[in-house]
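Note on naming: letters A, B, ... go to the chains in the order of the sequence lines (proteins, then strands), and numbering restarts at 1 for each one.
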Amino acid sequence: MHSELAKLSASEAARRLLGCRLVRQLDGQAVAVIIVETEAYDQTDAASHSYNGRTQRTEVMFGQAGYLYVYFTYGMHYCCNVVVGSEGHGAAVLIRAVQPISGTDIIARRRPRGGVELTNGPAKLCQALGIDMRMNGHDLAQPPFELVLTAPLANESVATTTRIGISKAKDVKWRYYIKGNDYVSGI
DNA sequence: TGCCTGATGTTCT
DNA sequence: GAACATCAGGCAC
């Protein structure tokens, strides 16, 4: 597991994960992507699934850092989160967008649209990387889906805004993205 | 180019 | 029974 993530708050971890790599084994090949956009969610935050306490669905969010929390939304889409913070604290970082760096052809086969449309949204990247409820609770230190922490980005290359697509706690600036990256969803 | 809407399952009230 | 951390296609302009 990733002990470094256990020491960070949701917002710190969301910023920390920018620029880090995800490696997914798909069709017997490795697909690597860089995280370019994230959002932080915490149990003290009304927009978070963990806000109303531990439930069957949010159990993973209260578990160990470095695990994958997948949820299903709007009847058709999956979104994936990285659990962060100490065990027993419900916090996670939503991966909103990634940039493919290798295995792009594998991703392109799974997504009808090409270019930045491959992975510039939370549900799109889940489709592209073949993530569904079966991956919920997966340890991101293990194949077939691994998180590789890289050096933190410089402050000046990271932008902070309010989050997207939520109805509560809209004014909290817990969305982070890499400035100037084409794969970042609507700015 | 940009708004509007349909699709559709899980969770919680 | 309503809400929902979404996306893509269709239609109007």
Exercise. How do A:Glu117 and A:Glu39 order along DNA chain C: which one's closest nucleotide is nearer the 5' end?
Worked result: A:Glu39

For residues 78-91 of chain A, run the donor-acceptor check on the side chains, cut-off 3.5 Å, and write out each pair with its distance to 0.1 Å, sequence neighbours left out.
unit_1: A:Asn81; atom_1: ND2; unit_2: A:Tyr69; atom_2: O; d: 3.2
unit_1: A:His89; atom_1: ND1; unit_2: A:Gln43; atom_2: NE2; d: 3.3
unit_1: A:His89; atom_1: NE2; unit_2: A:Asp42; atom_2: OD1; d: 2.8

Problem set entry | Under-3.5 Å donor-acceptor pair between A:Tyr74 side chain and B:dA7 base | no

Problem set entry | Closest to the A:Pro122 side chain, choosing from C:dC4, C:dC7, B:dT11 | C:dC7

For this session: May I ask you to decide whether A:Arg163 forms a salt bridge with A:Asp45, counting only side-chain N to carboxylate O separations under 4.0 Å?
Result: yes

Problem set entry | From B:dG9, C:dA5, C:dC7, nucleotide with atom closest to A:His49 side chain | C:dA5

Which donor-acceptor pairs under 3.5 Å do side chains of residues 15-25 of chain A form with protein atoms, sequence neighbours excluded?
unit_1: A:Arg15; atom_1: NH2; unit_2: A:Leu153; atom_2: O; d: 3.3
unit_1: A:Arg15; atom_1: NH2; unit_2: A:Asn155; atom_2: OD1; d: 2.6
unit_1: A:Arg16; atom_1: NE; unit_2: A:Glu4; atom_2: OE2; d: 2.8
unit_1: A:Arg16; atom_1: NH1; unit_2: A:Thr150; atom_2: O; d: 2.9
unit_1: A:Arg16; atom_1: NH2; unit_2: A:Glu4; atom_2: OE2; d: 3.4
unit_1: A:Arg16; atom_1: NH2; unit_2: A:Thr150; atom_2: O; d: 3.1
unit_1: A:Arg24; atom_1: NE; unit_2: A:Leu129; atom_2: O; d: 2.6
unit_1: A:Arg24; atom_1: NH2; unit_2: A:Gly130; atom_2: O; d: 2.8

For this session: Report the stems of DNA chain B as range-with-range entries sorted by first number; a stem here is at least three consecutive pairs, Watson-Crick or G-U wobble, both distances under 3.5 Å, and write none if there are none.
Result: B:1-7 with C:6-12, B:9-12 with C:1-4

Exercise. Nearest to the side chain of A:Tyr41, which nucleotide is it out of C:dC7, B:dC12, C:dA5?
Worked result: C:dA5

Exercise. Base, sugar-phosphate alone, or nothing: which one does A:Ala123 contact when heavy atoms must sit under 4.0 Å apart?
Worked result: sugar-phosphate

For this session: Please determine, for the side chain of A:Lys168, which listed nucleotide (B:dG9, C:dC7, C:dC4) has the closest atom?
Result: C:dC4

Seminar exercise, completed: The reported gap from CD1 in A:Ile35 to CG in A:Asn181 (rounded to nearest 0.5 angstrom) is 12.0 Å

For this session: To the nearest Å, give me how far apart CE (A:Met76) and P (C:dG9) are.
Result: 10 Å

